[in-house]
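Data first, discussion second: the structure below is written as structure tokens.
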Amino acid sequence: VHSCNTLLGVLLKSNHVQLCWKFYQQMSRNGISPNIYTKNMIIHALCKAGNVEEAERVLLEMEEKGWEGPDVVSYTTVVDGYCRKGEVEKAFEIVEKMKKKQIEPNVVTYSALIGALCKQRNVLEAEKLLKEMRKSGVDADKVAYATVIDAFCKLGKLAEAGRLADEMVQKGLIPNVVVYNTLLHGLCRKGKMKKAGELFQEMQRRKLVPDMITYTTVIDGYCKEGNMHEAFRLHNEMVEK
RNA sequence: GCCUAGAUACUU
């Protein structure tokens with residue numbers, strides 16, 4: 001099963017969703033019984049294919065069997081599936097159901113919901129949930145923060161984004177490359193290239209290594225400003241590495 | 001048990 005799951009994982013990451021399903025059936029035919037990892041990946045594959053209803057059916061099937069029931073990953077995957085479809089109501093319903101089954105949502109579950117609210121531009125609700133999850137004993141992590149920070153950036157509310165970034169640091173969470181990339185993108189799309197340049201320096205002072213996304217974000221910003229000089233300079237710097 | 005779930009750019 002381990003090796004089968006490894007292969008399933010590769011197929012899943014490369015978006016070969018159809019093959020995932022075929023391989024899964026092949027497994028059963030060969031008498032290999034899927035474990036929780038297998039089922040969770042199948043649920044994920046169905047969600048990626050846009051077939052969240054079918055994914056939920058697999059989840060229900062797992063619930064039927066009292067033993068080897070679904071875990072927090074199974075539920076969270078379906079929650080995320082509905083979130084991506086924009087069916088936030090359904091997502092919250094699944095969360096209620098998992099709570100009833102004594103499976104507590106974790107930080108990933110909450111992040112998925114927060115992400116869905118952000119996509120609907122409901123940043124206020126998103127931030128509310130970010131705060132409320134702690135009352136359920138779940139601490140927000142970098143991903144949860146970055147999700148809301150990004151939403152504020154995309155709405156052009158850079159002050160709010162910065163406020164959350166500070167708050168995150170206060171909680172002892174060290175901003176990673178993604179958080180910097182998110183803030184950089186917010187600055188770049190507003191044409192604040194001076195500040196973007198400073199932040200780009202700052203992240204490196206903090207020993208973070210700019211990745212491809214960092215470079216494309218900042219290069220794009222300089223291009224739109226017509227500063228081809230800086231754009232090419234960074235491009236060369238990127239290629240050097 | 002790094003066999004499974006959540007965040008960022010460009011392009012489309």
Side-chain angles (χ1 to χ4, degrees), chain A residues 1-13 17 20 23-24 27 32 34-48 52 55 58-59 62 70-84 91 94-95 98 103 105-119 123 126 129-130 133 138-154 161 164-165 168 173 175-189 196 199-200 203 208 210-224 231 234-235 238:
Chain A
V1 211
H2 284 66
S3 23
C4 287
N5 285 344
T6 305
L7 178 51
L8 258 183
V10 172
L11 293 175
L12 194 57
K13 280 208 178 74
V17 175
C20 280
F23 183 67
Y24 176 63
M27 275 177 74
I32 302 171
N35 62 15
I36 184 93
Y37 289 87
T38 321
K39 299 219 173 157
N40 288 346
M41 284 191 274
I42 283 303
I43 290 177
H44 194 185
L46 289 167
C47 288
K48 272 194 174 183
V52 189
V58 175
L59 184 69
M62 293 169 81
D71 64 3
V72 61
V73 176
S74 326
Y75 282 104
T76 300
T77 307
V78 174
V79 167
D80 183 55
Y82 278 122
C83 285
R84 286 180 198 278
I94 304 284
V95 172
M98 69 190 280
I103 295 181
N106 64 16
V107 65
V108 179
T109 320
Y110 281 107
S111 296
L113 294 172
I114 289 171
L117 292 170
C118 287
K119 237 190 320 187
V123 203
L129 193 55
L130 185 73
M133 56 194 276
V138 181
D139 284 313
D141 65 1
K142 290 177 201 183
V143 175
Y145 270 101
T147 306
V148 185
I149 290 173
D150 181 53
F152 275 125
C153 284
K154 289 196 165 128
L164 273 184
M168 179 181 137
L173 299 170
N176 60 13
V177 182
V178 176
V179 175
Y180 274 99
N181 289 349
T182 303
L183 291 168
L184 282 169
H185 185 222
L187 290 168
C188 288
R189 56 189 282 144
L199 200 62
F200 181 70
M203 68 183 285
L208 290 173
D211 62 10
M212 190 100 78
I213 295 183
T214 317
Y215 280 109
T216 54
T217 301
V218 181
I219 289 172
D220 186 59
Y222 281 126
C223 286
K224 287 189 171 136
L234 284 177
H235 177 83
M238 178 178 87

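In what follows, every heavy atom counts, from backbone to side chain, and hydrogens, waters and symmetry copies are set aside. The sequence lines fix the lettering, A, B, ..., with proteins before strands; numbering per chain opens at 1. All values derive from a computational prediction rather than experimental measurement.
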Could you please name the option among B:G6, B:C3, B:C10 that lies closest to any side-chain atom of A:D80? B:G6
For B:A7, does the base pair up with any side-chain atom of A:N176 as donor and acceptor (N or O, under 3.5 Å, distance only)? yes
Under 3.5 Å, is there an N or O donor on one side and an acceptor on the other linking the side chain of A:H2 and the base of B:G1? yes
Calculate the interatomic distance between A:H235 atom NE2 and B:A9 atom P; express it in whole Å. 21 Å
Please classify the nucleic acid contact of A:T182 as base, sugar-phosphate, or nothing, using heavy-atom distances under 4.0 Å. sugar-phosphate
Closest to the A:V73 side chain: B:A5, B:A9, B:G6? B:A5
As a test of reading the structure: which of B:A9, B:G6, B:U4 is closest to the side chain of A:S111, going by heavy atoms? B:G6
Quick check: do A:I149 and A:L183 have side-chain heavy atoms less than 4.5 Å from each other? yes
Is the distance from OP1 or OP2 of B:A7 to the nearest side-chain N or O of A:R84 less than 4.0 Å? yes
Output the rounded distance in Å from NZ (A:K154) to P (B:U8). 6 Å
Candidates B:A9, B:C3, B:U8 - which lies nearest the side chain of A:Y37: B:C3
Under 4.5 Å between any side-chain heavy atoms of A:Y145 and A:V179, yes or no? no
For A:L7 and B:U4, give me the distance from atom CG to atom C1', rounded to whole Å. 14 Å
Is any side-chain N or O of A:T77 under 3.5 Å from a base N or O of B:A5, one able to act as donor and the other as acceptor? no
Atom-to-atom span, CG of A:L208 to P of B:U8 - whole angstrom: 18 Å
Could you work out which one of B:G6, B:C3, B:A5 sits closest to the side chain of A:A144? B:G6
Nucleotide nearest A:T147 when distance is taken to its side chain, options B:A7, B:C3, B:U4: B:A7
Counting the atoms with a prime plus P, OP1 and OP2 as sugar-phosphate, which does A:D141 contact under 4.0 Å by heavy atoms, base, sugar-phosphate, or nothing? base
Out of A:T76, A:T77, A:D71, which one pairs with A:S74 under the side chain to side chain donor-acceptor pair (under 3.5 Å) rule? A:D71
Would you say B:U4 has OP1 or OP2 under 4.0 Å from some side-chain N or O of A:K48? no
Whole angstroms only, please: what is the CG-C1' distance between A:L117 and B:G6? 13 Å
How many whole angstroms separate atom CG of A:L113 from atom P of B:A5? 17 Å
Interatomic distance, A:L8 CG vs B:A5 P [rounded to whole Å]: 12 Å
Verdict with supporting geometry, A:H2 and A:Y37, side chain to side chain contact (heavy atoms under 4.5 Å, CB included): CA-CA 9 Å; A:H2 284 66; A:Y37 289 87; over 6 Å; no
Polar pair under 3.5 Å, donor/acceptor by atom type, side chain A:N181, base B:A7: no
Answer whether the closest heavy-atom distance between the side chains of A:Y110 and A:L129 falls below 4.5 Å. yes
Among the candidates B:A5, B:A7, B:A9, find the nucleotide nearest to the side-chain atoms of A:H185. B:A9
I'd like to know if the side chain of A:T147 pairs up with that of A:D150 as donor and acceptor (distance under 3.5 Å, no hydrogens or angles considered). no
Rounded to whole Å, the CD1-P distance (A:I94 to B:A5) equals 19 Å
What's A:V107 touching, base or sugar-phosphate or nothing? Going by heavy atoms closer than 4.0 Å. base
